[in-house]
> 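Have a look at this one.
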Amino acid sequence: EENKAEGDSGTVDVMAPCRQLLTELEQHEAAWPFQMPVNGRRFPTYHKVIVQPMDLHTVKERLESDRYKTRDDFCADVRLIFSNCDLFNEDDSPVGEAGHAMHTFFEERVTQLWGD
Ligand SMILES: Cc1ncccc1N[C@@H](C)c1cnc2ccsc2c1
């Protein structure tokens, strides 16, 4: 869906880079723990510790339903995935290591795309 902003040459899709970056995150080899919401039955303490769960599928649904008005809104939800991961998982655990790898990759791409 095109963004409503009118440039001089028609609409400008300001969220296109976010969709591209989300696809790269989904395809990353370390994305496996973050594709879908954490299952509370498999991890009964998770929702006691993590007050705002987030995952890549939820980010995709929000992006596709125009819930993000700026790229900062998008980045804040993606960063929530990694802060939740840091809080619940040991650094030297498989999920913890995957979270660090994904977070490093994400911040490097944010700098390349938006360079601020
Ligand atoms: C990101 C995260 N944080 C804390 C706990 C879980 C997870 N991920 C889930 C998908 C997950 C992560 N690892 C395993 C291993 C067997 S089932 C399963 C499910």
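Whatever order the structure lists them in is the order used to number ligands and atoms, beginning at 1. Values in this document were obtained by computation on a predicted structure and should not be read as measured data.
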> Can you find a protein heavy atom under 4.0 Å from atom 15 (C) of ligand 1?
no
> Taking non-hydrogen atoms only, is Arg42 closer than 4.0 angstrom to ligand 1 via side chain, backbone, both or neither?
side chain
> Would you say the side-chain atoms of Ser83 and Asp86 include a donor-acceptor pair closer than 3.5 Å?
no
> I want to check something: taking the side chain as every heavy atom from C-beta on, are Leu25 and Met102 in contact at a cut-off of under 4.5 Å?
yes
> To check your reading of the model: name the closest protein heavy atom to atom 8 (N) of ligand 1, its residue, and the distance in Å.
Pro33 O, 3.1 Å
> Counting from 1, what ligand 1 atoms have a heavy atom of Phe88 closer than 4.0 Å?
4 (C)
> Does any non-hydrogen side-chain atom of Glu24 lie less than 4.5 Å from one of Phe105?
yes
> With rounding to the nearest 0.5 angstrom, report the OG1 to CG distance, Thr58 to Leu80.
10.0 Å
> Near Phe34, which atoms of ligand 1 are under 4.0 Å from a heavy atom of that residue?
1 (C)
> Taking 4.0 angstrom as the limit and counting only heavy atoms of Trp32, give me the atoms of ligand 1 inside it, by number and element.
13 (N)
> Just need the protein heavy atom nearest to atom 12 (C) of ligand 1, so name the residue and atom and give the distance.
Val95 CG2, 3.8 Å
> Would you check the N or O atoms of Asn89, main chain and side chain alike, for any that come under 3.5 Å of an N or O of ligand 1?
yes
> To check your reading of the model: name the closest protein heavy atom to atom 2 (C) of ligand 1, its residue, and the distance in Å.
Val38 CG2, 3.6 Å
> Are side-chain heavy atoms of Met54 and Arg62 found at a separation under 4.5 Å?
yes
> Tell me: protein heavy atom nearest atom 19 (C) of ligand 1, and distance?
Phe43 CE1, 3.5 Å
> Does the side chain of Tyr68 come within less than 4.5 Å of Cys18's, by heavy atoms?
no
> Indicate yes or no: does Glu61 engage Arg67 in a salt bridge with an N to O separation below 4.0 Å.
no
